[in-house]
Amino acid sequence: MRSRLNPLTRRRLQNFRSNRRGWWSLWIFLVLFFISLFAEFVANDKPLVVAYRGEIYMPIFKAYPETVFGGEFLTEADYRSPYVTELINLEGWMIWPLIQYHHQTVAWDLPTAAPSAPDREHWLGTDDQARDVLARAIYGFRISVLFGFALTFVSAVIGVSAGAVQGYFGGWTDLLAQRFIEVWSGLPTLYLLIILASIVEPNFWWLLGLLLLFSWMGFVGVVRAEFLRGRNFEYVRAAQALGVSNKNIIFRHLLPNAMVATITFLPFTLAGSVTVLTSLDFLGIGLPPGSASLGELLAQGKSNLQAPWLGLTGFIVIGFMLSLLIFIGEAVRDAFDPRKTLDL
């Protein structure tokens with residue numbers, strides 16, 4: 001694999017690995033993200049495997065009626081019900097996830113009123129609706145990261161494309177586009193979100209689409225500056241004189257240089273995207289009620305000061321996640337720093 005990488009790429013990888021804080025932050029983040037991707041196998045109110053009368057069932061993938069296990073109702077079996085549990089254990093067995101609660105599961109058998117303090121059943125306690133806090137933190141971590149990835153990726157594609165066109169063609173194209181960006185960036189995003197929330201119930205895709213209308217502009221300035229500088233280089237002028245198409249010049253000659261600045265910008269944009277979703281959920285104009293949300297967990301901590309585990313859990317998860325992303329971003333920035341690259 002090393003033989004396929006050019007010397008500059010190898011030195012950048014060495015620079016990234018030499019930043020131990022960023023290198024370990026990347027691995028920790030990848031492990032946590034991988035676990036959250038399979039949150040249904042870690043925290044769920046359905047068993048992973050059920051063996052009953054010689055048959056194997058997987059409730060995590062398929063809904064089975066209670067009658068399959070000797071019950072009376074045709075509705076989906078409630079595996080946490082003592083009645084269903086006894087029926088299955090009489091002629092079979094169950095394998096449960098590590099955390100036997102989904103992020104929407106209500107614990108009806110709490111020893112005290114919700115929110116209840118951490119115990120052996122609920123490691124981080126429950127919220128004010130008797131839902132397991134640890135399960136909601138795992139699911140909330142996943143949806144926050146996926147939202148951040150989606151918003152950052154699409155914003156980068158649009159912003160890089162717009163900045164490339166502006167910087168390469170310049171002139172009236174650049175002038176008109178810059179005036180449009182100045183006007184567009186002045187629109188009040190928060191007010192638009194509040195208006196939207198009063199008309200329709202915001203969901204993942206509504207929030208992604210609305211925030212995407214404004215988030216792409218952060219990439220334009222960086223890419224535009226690189227293209228304005230690069231289009232005057234001799235090799236670009238030579239390519240134009242030889243009749244090379246603008247498309248090939250943009251994608252094969254100028255864009256790789258502009259991507260260096262864009263890549264160093266990505267981790268910080270990802271952190272900002274996660275923060276935006278958390279802030280909207282905290283204000284109550286983000287994901288629909290009941291969704292696993294770190295911002296909603298913080299809002300519950302604010303409303304239930306007698307239950308400090310709510311606010312502390314949200315703060316630690318969000319703070320730890322953003323710290324990892326910032327450390328990764330700093331390592332990427334150092335890896336692409338030409339001064340540090342040349343020193344090796």
Side-chain angles (χ1 to χ4, degrees), residues 1-39 41-43 98-99 123-124 134 137-157 159-160 215 218-219 221-223 225-226 255-279 292 294-295 297 312-344:
M1 178 179 176
R2 290 177 61 89
S3 60
R4 296 182 181 180
L5 301 176
N6 59 58
L8 180 59
T9 302
R10 287 202 300 268
R11 285 182 290 178
R12 285 173 176 168
L13 290 175
Q14 291 173 1
N15 277 340
F16 182 81
R17 295 190 63 176
S18 64
N19 189 320
R20 308 306 297 174
R21 184 174 62 184
W23 174 253
W24 284 108
S25 295
L26 174 63
W27 281 108
I28 294 172
F29 178 79
L30 290 178
V31 169
L32 294 176
F33 181 54
F34 179 80
I35 294 174
S36 69
L37 285 178
F38 298 93
F41 295 89
V42 179
L98 180 64
I99 304 169
W123 298 347
L124 295 179
L134 180 56
I138 294 174
Y139 283 88
F141 180 91
R142 179 175 68 179
I143 197 171
S144 297
V145 176
L146 289 178
F147 183 88
F149 274 135
L151 182 60
T152 302
F153 175 77
V154 182
S155 300
V157 172
V160 169
S215 60
F219 292 92
V222 182
V223 179
E226 290 292 331
L255 188 58
N257 295 329
M259 288 304 295
V260 172
T262 304
I263 292 175
T264 59
F265 194 58
L266 284 177
F268 302 102
T269 305
L270 175 59
S273 301
V274 172
T275 304
V276 168
L277 180 63
T278 302
S279 302
L294 299 178
L297 191 58
L312 287 175
T313 300
F315 173 77
I316 292 174
V317 172
I318 295 172
F320 189 64
M321 182 201 322
L322 295 180
S323 297
L324 293 177
L325 293 175
I326 294 301
F327 292 156
I328 295 171
E330 291 177 347
V332 172
R333 181 192 60 194
D334 293 342
F336 283 89
D337 190 337
R339 294 169 297 180
K340 295 190 177 183
T341 302
L342 293 175
D343 290 340
L344 293 180

| request: Evaluate whether atom CZ of F153 has more than 12 neighbouring non-hydrogen atoms of other residues, nucleotides or ligands under 6.0 angstrom away. | output: no
| request: If the plane angle is over 60° it's perpendicular, under 30° parallel, otherwise tilted; pick one for F33 and F29. | output: parallel
[X] to [Y] - nearest heavy-atom pair and separation:
| X | Y | answer |
| --- | --- | --- |
| F219 | T262 | CD2-CG2, 3.8 Å |
| I328 | G22 | CG1-O, 4.0 Å |
| V317 | A137 | CG2-CB, 4.4 Å |
| A292 | I143 | O-CG2, 3.3 Å |
| Y139 | A39 | OH-O, 3.5 Å |
| V274 | G148 | CG2-CA, 4.3 Å |

| request: Go through the steps to decide whether L134 and T313 satisfy the test side-chain contact (heavy atoms from CB on, under 4.5 Å), and finish with yes or no. | output: CA-CA 8 Å; L134 180 56; T313 300; over 6 Å; no
Note, [X] side chain near [Y] side chain (heavy atom, < 4.5 Å):
| X | Y | result |
| --- | --- | --- |
| L297 | I318 | no |
| F265 | V223 | no |
| V276 | F147 | no |
| D334 | N15 | no |
| L266 | L270 | no |
| N19 | V332 | no |

Reported [atom1]-to-[atom2] distance for the pair [X] and [Y], which is rounded to 0.5 angstrom:
| X | Y | atom1 | atom2 | result |
| --- | --- | --- | --- | --- |
| L325 | T269 | CG | OG1 | 11.0 Å |
| F327 | L322 | CZ | CG | 11.0 Å |
| S25 | L30 | OG | CG | 10.5 Å |
| F38 | R142 | CZ | CZ | 10.0 Å |
| F268 | T152 | CZ | OG1 | 12.5 Å |
| F41 | I35 | CZ | CD1 | 14.0 Å |

| field | Stepwise side-chain contact (heavy atoms from CB on, under 4.5 Å) test for L32 and V145 | value | CA-CA 10 Å; L32 294 176; V145 176; over 6 Å; no
